[in-house]
Amino acid sequence: MSFISGNKPEKCKLIVSSHNYEYTPSCEELANLVARIQAVGADIVKVATAAKDIVDVSRMFQVMVHCQVPMIGLVMSERGLMSRVLAPKFGGYLTFGILNSAKTSAPGQPTVEELLDVYNIRCIGPDTKVLGLIANPVKQSKSPILHNKCLQYVGYNAVYLPLLGDNLASFLETYSSPDFSGFSCSLPFKVDAVQCCNEHDPVAKSIGAINTIVRRPDGKLVGYNTDYIGAISAIEDGIGGPGSKDAVISPLAGRLIVVVGAGGAGKAIAYGAKEKGARVVVANRTYEKAVSLANAIGGQALRLADLETFRPEDGMILANATSLGMQPNIDGTPIPKKALSFYDVVFDAVYAPKVTRLLREAEECGVKVVSGVEMFIRQAMGQFEHFTGGIEGVMFF
Ligand code: NAP
């Protein structure tokens, strides 16, 4: 303490820090803490707290933007990641990046490489818009890499973050400033998002699931579903031939498509295929959900076990919209291999791994396959257009 009070070398700046590994206190308590640290002679105040919920980070931002002394404000844990990446936006004196991801000194630290290459942190400033994927879990997602690369490529002043959330409504209510301008949402929030939006794209409303939320300048939240466009255009291209996606009549028109799964992706594909004039059959583990989706779109419902023998005609299309086969359970598949030869085209919404067991077995049966990566890129392209208001000349490849 005597060092602080008088004997500090002239050119030396002193960082005095406080760590709370349990929680993030209220704004008032944080402000008091900053004042106390400043009072002991700190040139730079450092406060690190822990996030129990992603909304906790907003209190650190509020204190940082009003702080009269240089301040480092970091919220630890994966839920606090945005405090580290958005430090330059909210006036943080510095942020920490680790050199080796296996050697963190506090929970939730990104690597220097991620800060520079993924989040382009050198370009983040007070006017930078915040976009992100709110999901739980979220760290497996490739969306931050894809969206940030595209934002950098077109020079749009925004950063796209993985946002580990627990409650979509409280997240959107807390981060309600115009700078938090758009969000992708994934499991488990796609259905909750319908309630959270003030306005909806009509297709998204019929599907009952939203994967894209845009905050309009008037503050209203508008919900879209780009999964539907992403999956259907990928399947249409996979079918190919006369009547491809650019034609007036979709190559899906009149075809029989079996959609396996009745969750968010299943609904999007079933509604989309119906809209394109396909005849839709829905199979799902929970049969009641298959019935409910089939009734909503005027299709037929099946149990998963029925897929083994279901062959009303040749040349059907299969779309897996369950999580079967997804990492880490890569041995999962929704349909026995021997039944795959009933189909002309097999699409798998699962995109990690790129070649799922379903696609591998379909290829072995000589069936045309379409990877979930195609859907992933196309749904992201739709989101990017919504987030940026459509920038001419943006190409993903
Ligand atoms: P969701 O709403 O939670 O629905 C999950 C679906 O999978 C339900 O139909 C569920 O059946 C079924 N399911 C889960 N575990 C199962 C199991 N062990 N056996 C049989 N069925 C099972 O999820 P979602 O958003 O629709 O996503 C589904 C898949 O699509 C995920 O793998 C996701 O990664 C993928 N997806 C990919 C993209 C892309 O861009 N490529 C976009 C969106 C989603 P019950 O109804 O019986 O629970």
Side-chain angles (χ1 to χ4, degrees), residues 54-55 58 82 85-86 89 119 124 126-136 138 141-165 167-233 264-265 267-268 271-272 375-394 396:
I54 193 165
V55 299
S58 71
M82 71 165 146
V85 180
L86 297 180
K89 177 173 173 63
Y119 302 116
I124 297 177
D127 297 332
T128 301
K129 299 257 185 238
V130 183
L131 305 167
L133 168 64
I134 173 147
N136 193 335
V138 73
S141 173
K142 303 277 183 267
S143 292
I145 296 173
L146 184 63
H147 279 282
N148 282 314
K149 276 280 165 269
C150 294
L151 292 166
Q152 287 162 34
Y153 182 75
V154 300
Y156 191 83
N157 188 10
V159 60
Y160 185 104
L161 303 170
L163 304 162
L164 179 62
N167 182 313
L168 180 65
S170 74
F171 171 85
L172 292 168
E173 219 169 276
T174 303
Y175 297 101
S176 60
S177 88
D179 274 3
F180 285 79
S181 61
F183 304 102
S184 311
C185 45
S186 192
L187 292 178
F189 301 123
K190 286 186 182 179
V191 175
D192 294 355
V194 179
Q195 296 294 328
C196 292
C197 288
N198 306 104
E199 290 177 22
H200 312 84
D201 170 72
V203 184
K205 199 162 189 183
S206 327
I207 293 168
I210 277 171
N211 77 332
T212 311
I213 300 175
V214 173
R215 193 185 305 282
R216 279 200 324 225
D218 65 1
K220 292 247 162 69
L221 296 172
V222 189
Y224 301 92
N225 188 310
T226 66
D227 284 339
Y228 133 78
I229 304 150
I232 294 298
S233 74
K267 284 180 185 157
Y271 273 92
M375 172 182 176
F376 174 70
I377 291 171
R378 290 156 196 249
Q379 62 78 32
M381 214 152 100
Q383 294 188 326
F384 191 82
E385 276 172 22
H386 288 304
F387 293 151
T388 58
I391 293 178
E392 277 184 36
V394 177
F396 272 68

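What you are looking at is a predicted structure, and each value in this text was computed from that prediction instead of being measured. Only this structure's heavy atoms are used, side chains among them; waters, hydrogens and symmetry mates stay out.
Listed for the Arg215 side chain is a donor-acceptor partner under 3.5 Å among the backbone atoms of Phe180. Looking at Gln383, its side chain does come within 3.5 Å of a backbone N or O of Asn211 through a donor-acceptor pair. A donor-acceptor pair under 3.5 Å is formed between the side chain of Ser58 and the backbone N or O of Val55. A distance-only check finds a donor-acceptor pair linking the side chain of Asn225 to the backbone of Ala209 [under 3.5 Å]. In this structure a side-chain-to-backbone donor-acceptor pair under 3.5 Å is present from Asn136 to Gly165. Side chain of Lys190 to main chain of Ile210: no donor-acceptor pair is present (N/O by atom type, distance under 3.5 Å, no hydrogens or angles). Remark: side-chain polar atoms of Lys89 are paired, donor with acceptor, to backbone N or O of Thr128 under 3.5 angstrom. Checking side-chain atoms of Tyr271 against main-chain N and O of Ser206 turns up a donor-acceptor pair under 3.5 Å.
Applying the ring pair (Phe, Tyr, Trp, His ring centres under 6.0 Å) criterion to Phe376, with sequence neighbours excluded, gives Tyr351.
The distance from the CG atom of Leu133 to the OG atom of Ser143 is 5.0 Å, given to the nearest 0.5 Å. Note that CG of Asp227 and OG of Ser184 are 10.0 Å apart. Values are rounded to the nearest 0.5 Å. From Ile134, atom CD1 reaches atom CG of Leu161 across 11.5 Å, with rounding to the nearest 0.5 Å. In this structure, the separation between SG on Cys150 and CE on Met381 is 9.5 Å, given to the nearest 0.5 Å. One distance of note links CD1 of Ile213 with OG of Ser181; it measures 12.0 Å at 0.5 Å rounding. Note that CG of Leu172 and CD of Gln195 are 12.5 Å apart. Values are rounded to the nearest 0.5 Å.
Contact check for Ser141 versus Pro162: no side-chain heavy atoms found under the 4.5 Å cut-off. Put simply, the side chain of Leu131 reaches to within 4.5 Å of the side chain of Leu151, judged on heavy atoms. The side-chain heavy atoms of Asp201 and Val222, taken from C-beta on, include no pair separated by under 4.5 Å.
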Exercise for review: Evaluate side chain to side chain contact (heavy atoms under 4.5 Å, CB included) for Leu163 paired with Tyr175, printing each intermediate quantity in order.
Suggested key: CA-CA 12 Å; Leu163 304 162; Tyr175 297 101; over 6 Å; no

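The heavy-atom pair separating Ala193 from Leu168 by the smallest distance is CA-CD2, 3.4 Å. Taking all atoms of both residues into account, the shortest heavy-atom contact from Thr226 to His386 is CG2-CD2, 3.9 Å. Looking at every heavy atom in both residues, Gly219 comes nearest to Asn198 through O-OD1, 4.4 Å.
Here the options are Arg216, Lys205, Lys220, the test is salt bridge (charged side-chain N to carboxylate O under 4.0 Å, His left out), and the partner is Glu199; only Arg216 passes.
In this pair, Tyr160 and His147 present their aromatic rings parallel. The plane angle is below 30°, not in the 30 to 60° band. Taking the six-membered ring for Trp and thresholds of 30 and 60 degrees, Phe171 and Phe183 have ring planes more than 60 degrees apart, a perpendicular arrangement.
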